[in-house]
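Each remark here refers to the structure printed beneath this line.
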Amino acid sequence: MPLLVMKFGGTSVGDLARIANAAAKVKREVERGYDVIVIVSAMSGKTNELVGWVEQTSHLYDAREYDAVVASGENVTAGLMALRLQQMDVPARSWQGWQVPINTTSAHSSARFVDIPRANIDAKFAEGFKVAVVAGFQGVSHEGRITTLGRGGSDTTAVAFAAAFGAERCDIYTDVDGIYTTDPRISPKARRLDRIAYEEMLELASLGAKVLQTRSVELAMRYKVRLRVLSSFEDTDESSGTLVCAEEENMESKVVSGVAYSRDEAKLTLMSVEDRPGIAAAIFGPLASAGVNVDMIVQNISEKEVGGNSIAVTDMTFSCPVNQVARAQKALTDAAASGTITYDDLIVDTDVSKVSVVGIGMRSHAGVAAQMFSALSAENINIKVIGTSEIKISVLIDRKYMELAVQALHDTFALERA
Ligand code: ADP
Ligand code: ASP
Ligand code: MG
């Protein structure tokens, strides 16, 4: 039997009527002759509520219990979806991660797949079941504990099942009708793309476009999964939505193909750090050990007067997610207290956002950075930090200008036009 993976995100299963709507889409594919693996998210808002309950109960919580609690949202949806399908005379059953089993590492709250043995689900298909409804976002460690894959992880569950079961396609049903040139909630001029290359989607996702979890795009690229994003609220057919595919298949070749943003960033600057070999390691080692995801880094060499002599010092600036600032401050003050680093001051700015432009065409086109900077300058937006790679340019700016910057960049690169 040909097999499809269909994933429904939180809004798409947000209440019983929406679960029924999603189930009808599944039934249609079964009637077309497919066996279907359905991956479900928790009903919208549920995971946030569960995370809140954990944080209110325990400040420095046990990550294993966090996972036990937050994974439960998906279990509810999986059971309800299976019940709804049964009501529609579609032979279906639900699967929690441990029942499949979805084997993962034991890195709680950011676990990775180890393997997904097919035998149990294949046996049920052989018995005549048409649909396996699998709880997304979760797995089981080799210690037998429930794990989760990080926020947005059901996308990654879906792609992993598509790869493991050789699915014809992996369809991600969500509350937008595809992948846009930027978040349609931020820019009314955002345009839906018919296709996007894996590499571009990977950059957009990792730079903040949460329409797909970054890991899901990585897996799709590695295992050549045909990945499609489409609306769960519209009638859809084979040509709906946006296909994420190999670069050769992607006909649209603009220099810049999308703008992404990450709202809640912070910028930290260590003033007058001693300028000597090993200083970067002495700063970023403890930050890494404390679990701080450092993103952009800038180092400025300067001098300071000590006892009439001028000595070389450096100001070290880096960015990280706002919710990791407390951990970063503690790691740095601990390092200073133990004498491994010295600095005059630690300046923290928690009101910054990152805005990025992405495009494979940048590999062969000069001048994108200049065009980006002049568009921001025309709006009087000050750039605080710049970061680049082969196919992206990112800037850190004051948060209050984030929407404006996204719109200005969308305009300057004429992304509203195909
Ligand atoms: P789900 O609950 O279905 O997983 P998410 O909220 O995780 O849905 O992702 C869908 C959302 O991603 C959209 O509602 C949209 O606001 C946001 N988004 C951000 N960037 C983009 C983009 N480039 N294209 C489409 N949607 C985007
Ligand atoms: N429910 C989880 C979350 O909200 C996983 C997902 O929806 O993909 O992050
Ligand atoms: Mg999501």
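This structure is a prediction, so every number in the text was calculated from the model and none was measured. Order of appearance sets the numbers: ligands from 1, and atoms from 1 within every ligand.
Residue contact check for ligand 2: Lys46 places no non-hydrogen atom closer than 4.0 Å to it. Residue-ligand proximity: Gly153 is placed with a non-hydrogen atom under 4.0 Å from ligand 2. By the 4.0 Å heavy-atom criterion, Gly152 is counted among the residues contacting ligand 2.
Among the candidates Gln213, Glu218, Arg215, the single residue satisfying the side-chain hydrogen bond (donor to acceptor under 3.5 Å, both in side chains) test with Thr156 is Gln213. The side-chain hydrogen bond (donor to acceptor under 3.5 Å, both in side chains) with Thr181 is formed by just one residue from the set His410, Glu416, Arg417, Arg191; it is His410.
Within the 4.5 Å cutoff, no side-chain heavy atoms of Leu3 are placed close to those of Val36.
Proximity of Gln213 to ligand 2, defined as any heavy-atom pair under 4.0 Å, is not found for any part of the residue.
Listed by chain and number, residues touching ligand 1 at under 4.0 Å (heavy atoms only) are Lys7, Gly9, Gly10, Thr174, Asp175, Val176, Gly178, Ile179, Tyr180, Thr182, Asp183, Pro184, Arg185, Ala209, Lys210, Val211.
An N or O contact shorter than 3.5 Å is missing between Asp155 and ligand 2 by distance.
Atom CD1 of Ile196 sits about 6.0 Å away from atom CE of Met201, to the nearest 0.5 Å. In this structure, the separation between CG on Leu396 and CE on Met402 is 12.5 Å, given to the nearest 0.5 Å.
Residue Arg151 approaches ligand 2 through these ligand atoms, each under 4.0 Å from one of its heavy atoms: 3 (C), 4 (O), 9 (O). Short contacts between ligand 2 and Ser41, defined as distances under 4.0 Å to a heavy atom of the residue, involve ligand atoms 6 (C), 7 (O), 8 (O).
Looking at Glu65 and Arg145, a side-chain N of the basic residue comes within less than 4.0 Å of a carboxylate O on the acidic one, giving a salt bridge. By the 4.0 Å N-to-carboxylate-O rule, Lys384 lies close enough to Asp398 to be salt-bridged with it.
Side-chain N/O atoms of Ser394 and Ser356 include a donor and acceptor closer than 3.5 Å.
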Let me see the working for Phe8 and Ser41 under side-chain contact (heavy atoms from CB on, under 4.5 Å), right down to the final yes or no. CA-CA 6 Å; Phe8 294 92; Ser41 288; over 6 Å; no
